[in-house]
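Quick notes on the structure that follows.
All chains are named by letter (A, B, ...) in the order of the sequence lines, taking the proteins before the strands, and each is independently numbered beginning at 1. What you see below is based on every heavy atom in this structure, not just the backbone, and it leaves out hydrogens, waters and symmetry mates.
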Protein chains: 2
Amino acid sequence: MKDFDLGSMVKDHRKKAGLTQLELANLAGVGKTTVFDIEKNKETVHWNNLLAVLQVLNIKIEFKGPFTK
Amino acid sequence: MKDFDLGSMVKDHRKKAGLTQLELANLAGVGKTTVFDIEKNKETVHWNNLLAVLQVLNIKIEFKGPFTK
DNA sequence: TTAATATTACCGCTGTAGCAGTAAAAAAGC
DNA sequence: GCTTTTTTACTGCTACAGCGGTAATATTAA
């Protein structure tokens, strides 16, 4: 039930991509505060901003529900 | 590259759970507008609100990146 | 060690997501 | 058919996420 640590994953991928928070923010078209918040697991971020950051890092999202066909 | 249709998935799961948009919104603790926007694939929703809705529907999220361990 | 870079943390300000309310259009039930 | 429920769509209003700027702390490199 506990939320998985997305922030650390983002940070890890960013590091391995050789990017700073500011660079990642610029690439994703968001502010540096947003990248910082994501890595700190703040759930107050906007969905589209999170998507933009994940896309830069090539992180895919999969949704699995009881009725996933 | 195209975004997968999360809105339809949410709607489908909601239907199969026998919930109306309003009921789902109340269960998730968000407004009806938010549920409506999610099903319409508006990416402007807040991350925490999306999480709350998915949790009610038992939809899990998985992140898969190049460096996922 | 010192210097340069990166991260964390705050600050106002602004834009807008979220809200409830309303109403009209669609869908479901009778 | 008609009635009820649900969904869609719009409206002000409010709260706060996001923004850049700044500064302090932490990290890295030289």
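Remark: Thr33(B) engages no residue in a side-chain hydrogen bond (donor to acceptor under 3.5 Å, both in side chains) (not counting sequence neighbours). For the side-chain hydrogen bond (donor to acceptor under 3.5 Å, both in side chains) test, residues two or more places apart in sequence or in another chain that qualify with His46(B) are His46(A). Shown here are the salt bridge (Lys or Arg N to Asp or Glu O under 4.0 Å) partners of Lys40(A), two or more places apart in sequence or in another chain: there are none. The side-chain hydrogen bond (donor to acceptor under 3.5 Å, both in side chains) check on Asn41(B) picks up Asp5(B), with sequence neighbours excluded. Annotation: side chain to side chain contact (heavy atoms under 4.5 Å, CB included) contacts of Lys42(A) (sequence neighbours excluded): Asp37(A), Thr44(A). Asn26(B) pairs by the side-chain hydrogen bond (donor to acceptor under 3.5 Å, both in side chains) definition with nothing, not counting sequence neighbours.
At whole-Å resolution of the value, CZ in Phe36(B) and P in dG21(C) are 18 Å apart.
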Between N or O atoms, less than 3.5 Å apart, protein on one side and nucleotides 13-17 of chain D on the other: list the pairs.
residue : atom : partner  : partner atom : Å
dA17(D) : O3'  : Thr44(A) : O            : 3.2
dA17(D) : O3'  : His46(A) : NE2          : 3.3

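If you check dA20(C), dT8(D), dT8(C) against the side chain of Lys40(A), the one that comes closest is dT8(C).
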(message) One character per nucleotide, please: for nucleotides 22-30 of chain D, 5' to 3', B when the base has a protein heavy atom closer than 4.0 Å, S when only the sugar-phosphate does, - otherwise.
(response) B--------
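The salt bridge (Lys or Arg N to Asp or Glu O under 4.0 Å) pairs that include a residue from residues 13-28 of chain B are Asp12(B)-Lys16(B), Arg14(B)-Glu39(B), where partners are two or more places apart or lie in different chains. Residue pairs satisfying the ring-ring contact (aromatic ring centres under 6.0 Å, His included) criterion with at least one member in residues 24-44 of chain A, sequence neighbours excluded, are absent.
Scanning residues 20-29 of chain B for heavy-atom distances under 4.0 Å to DNA chain D yields Thr20(B), Gln21(B).
A sub-4.0 Å separation between OP1 or OP2 of dT6(D) and a side-chain N or O of Lys11(B) is absent.
For the helix from dT1(C)-dA30(D) to dC30(C)-dG1(D), the end axes, each set by the C1' atoms of five terminal pairs, are bent relative to each other by 70° (nearest 10°).
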